There are 2 protein chains.
Amino acid sequence: MQGKDVVLGLLNDQPRTGYEIKDIFETRLAYFFDGTYGMIYPTLRKLEKDGMITKEVVFQEGKPNKNIYSITPAGKAEFAAYMQTELADESIKSDFLLRMYFGKHLTTDQALAFIETQIDHQETKLRTLKAHYNEWIRNGITDLQIVTYKYGVANYEASLTVLKQAYLDIADRQ
Amino acid sequence: MQGKDVVLGLLNDQPRTGYEIKDIFETRLAYFFDGTYGMIYPTLRKLEKDGMITKEVVFQEGKPNKNIYSITPAGKAEFAAYMQTELADESIKSDFLLRMYFGKHLTTDQALAFIETQIDHQETKLRTLKAHYNEWIRNGITDLQIVTYKYGVANYEASLTVLKQAYLDIADRQ
DNA sequence: CTACGCATGTAACACGTTACATGATTCA
DNA sequence: TGAATCATGTAACGTGTTACATGCGTAG
């Protein structure tokens with residue numbers, strides 16, 4: 001699972017600009033993927049060079065020009081091949097949990113502050129995911145995409161439950 | 001949060017070999033971090049070169065020699081500085097969820113197979129985490145380390161609930 | 001007058017991954 | 001006889017991150 005697989009997959013559904021791809025990353029894939037412009041544009045460039053996608057430049061008034069990318073038959077084949085590969089393991093990097101792991105080098109206040117920050121982060125992400133769900137439905141969501149949504153929501157909620165309980169436990173013991 | 005922060009943190013608690021560090025990655029940090037030997041040994045080397053840790057070679061009979069690394073005052077300062085930095089966002093990469101997102105290019109059987117594989121993966125990881133918990137307690141676990149354990153368990157369980165329900169839903173609808 | 005939305009890009013860098021390489025001992 | 005445990009490493013490679021750079025229109 002690399003950046004190009006995600007980009008290609010999104011273009012496999014419909015032609016899009018790099019900007020639109022970034023938007024989807026943030027609203028729909030946010031729970032399980034992140035990619036910056038610094039990855040998107042170079043990837044688009046390489047994919048075009050390799051004949052996987054084609055670029056159409058659209059001139060706009062009052063707005064910057066757009067590069068709309070469309071997938072080619074070669075790109076479709078490449079994407080289909082990716083879809084047949086073996087599942088790679090899920091991987092999580094949590095700076096927060098690392099701080100907790102090394103928590104004995106923290107004061108109680110510092111630990112509490114980290115927990116609060118993490119609660120904020122998770123609540124914000126959960127809100128973002130939920131906020132875009134209705135629009136997602138309106139624009140057409142598949143059954144399996146609903147699974148990705150539920151998976152994200154369930155995990156955010158599970159994390160928040162543990163975080164809030166931990167906050168109370170630590171604060172009490174002070 | 002980089003590899004060197006994790007390595008330094010583990011050496012901050014006690015002297016260890018690269019092999020032992022890898023073992024901790026797999027048994028205790030597995031939910032939220034992963035690092036291979038290809039990262040560990042070069043990191044250890046660089047940390048030593050930078051004066052953050054020192055190496056002691058221990059000759060063993062019937063087993064390969066060990067390099068036991070200990071943290072220096074400079075290393076302790078470096079680690080303490082890391083612990084004061086701002087929390088970085090949690091990041092998840094899930095190949096499984098990407099397949100679900102692009103699930104309309106899959107047959108029902110393929111989708112089901114991916115869900116089964118993911119259930120296996122998550123169950124294995126959950127079992128590993130739980131299996132090492134008792135030993136962790138015996139060797140001394142902190143309150144905040146218990147939070148990392150609970151966080152991992154809660155998330156694995158939340159994922160599994162969604163996965164199993166999804167499996168039934170999809171299988172039914174066939 | 002500031003911030004946000006729209007829109008694209010590059011260059012340098014660092015980090016980690018992958019594959020390869022070795023080898024004795026012990027347990028099943 | 002094969003697999004697992006103990007134990008360490010390198011070299012090449014690729015991917016993605018970070019910081020920088022630009023610029024108009026609109027809404028508050």
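In this text, all values refer to a predicted model and were calculated from it rather than measured experimentally. Letters A, B, ... mirror the listed sequences (proteins, then strands); counts begin at 1.
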Five-pair end axes of the helix from C:dC1-D:dG28 to C:dA28-D:dT1 and the angle they enclose, rounded to 10°
60°

Using ring-ring contact (aromatic ring centres under 6.0 Å, His included) as the criterion, list what pairs up with [X], not counting sequence neighbours.
X: B:Y31; answer: B:Y156
X: B:Y167; answer: none
X: A:F102; answer: B:F79

Grab the [atom1]-[atom2] distance between [X] and [N] for me, whole Å please.
X: A:Y41; N: C:dC6; atom1: OH; atom2: P; value: 12 Å
X: B:K46; N: D:dG9; atom1: NZ; atom2: P; value: 17 Å
X: B:I40; N: D:dG9; atom1: CD1; atom2: P; value: 12 Å
X: B:D50; N: C:dA14; atom1: CG; atom2: P; value: 12 Å
X: B:D5; N: C:dA14; atom1: CG; atom2: P; value: 15 Å
X: A:K66; N: C:dG9; atom1: NZ; atom2: P; value: 14 Å
X: A:L47; N: D:dG14; atom1: CG; atom2: C1'; value: 15 Å

Readout for nucleotides 18-28 of chain C: B = base within 4.0 Å of protein heavy atom, S = sugar-phosphate only, - = neither; 5' to 3' it is B----B-S---

Within the structure shown, what part of the strands sits under 4.0 Å from A:F59 by heavy-atom distance: base, sugar-phosphate, or nothing?
nothing

Proximity to DNA chain D (any heavy atom under 4.0 Å), residues of residues 7-35 of chain B only:
B:T17, B:G18, B:Y19

Under the side chain to side chain donor-acceptor pair (under 3.5 Å) definition, can you give me all pairs with a residue in [range], not counting sequence neighbours?
range: residues 14-25 of chain A; value: A:K22-A:E26
range: residues 82-95 of chain A; value: A:Y82-B:D95, A:Y82-B:R99, A:Q84-B:Q110, A:T85-B:R99, A:D89-B:H121, A:E90-A:Y151, A:E90-B:S94, A:E90-B:Q118, A:S94-B:E90, A:D95-A:R99, A:D95-B:Y82
range: residues 71-80 of chain A; value: A:K4-A:E78, A:N12-A:K76
range: residues 47-69 of chain A; value: A:K46-A:D50

Would you indicate whether the side-chain heavy atoms of [Y] and [X] approach each other to under 4.5 Å?
X: A:L126; Y: A:V153; result: yes
X: A:I21; Y: A:L44; result: yes
X: B:V6; Y: B:F25; result: yes

Distance-only donor-acceptor pairs under 3.5 Å for side chains of residues 139-148 of chain A, two or more places apart:
unit_1, atom_1, unit_2, atom_2, d
A:N139, ND2, A:E135, O, 3.3
A:T142, OG1, A:Q145, N, 3.1
A:D143, OD2, B:R173, NH1, 2.7
A:Q145, OE1, A:W136, NE1, 3.4
A:Q145, OE1, A:T142, N, 3.1
A:Q145, NE2, B:Y101, O, 3.0
A:T148, OG1, A:Q145, O, 2.7

For A:E157, enumerate each residue passing the salt bridge (charged side-chain N to carboxylate O under 4.0 Å, His left out) test, keeping only those at least two apart in sequence or located in another chain.
A:K130

For [X] and [N], is the shortest distance between a side-chain N/O and OP1 or OP2 below 4.0 Å?
X: B:Q60; N: D:dA7; result: yes
X: A:R45; N: C:dT8; result: no
X: A:N65; N: D:dG23; result: no

Pairwise 5' ranking along DNA chain D for B:K93 and B:I68, keeping only the more 5' one:
B:I68

Side-chain contact check for A:Q2: nearest option of C:dT8, D:dG16, D:dA7 is D:dG16

Counting side-chain heavy atoms from CB outward, which of C:dG16, D:dT10, C:dG9 is closest to B:P42?
D:dT10

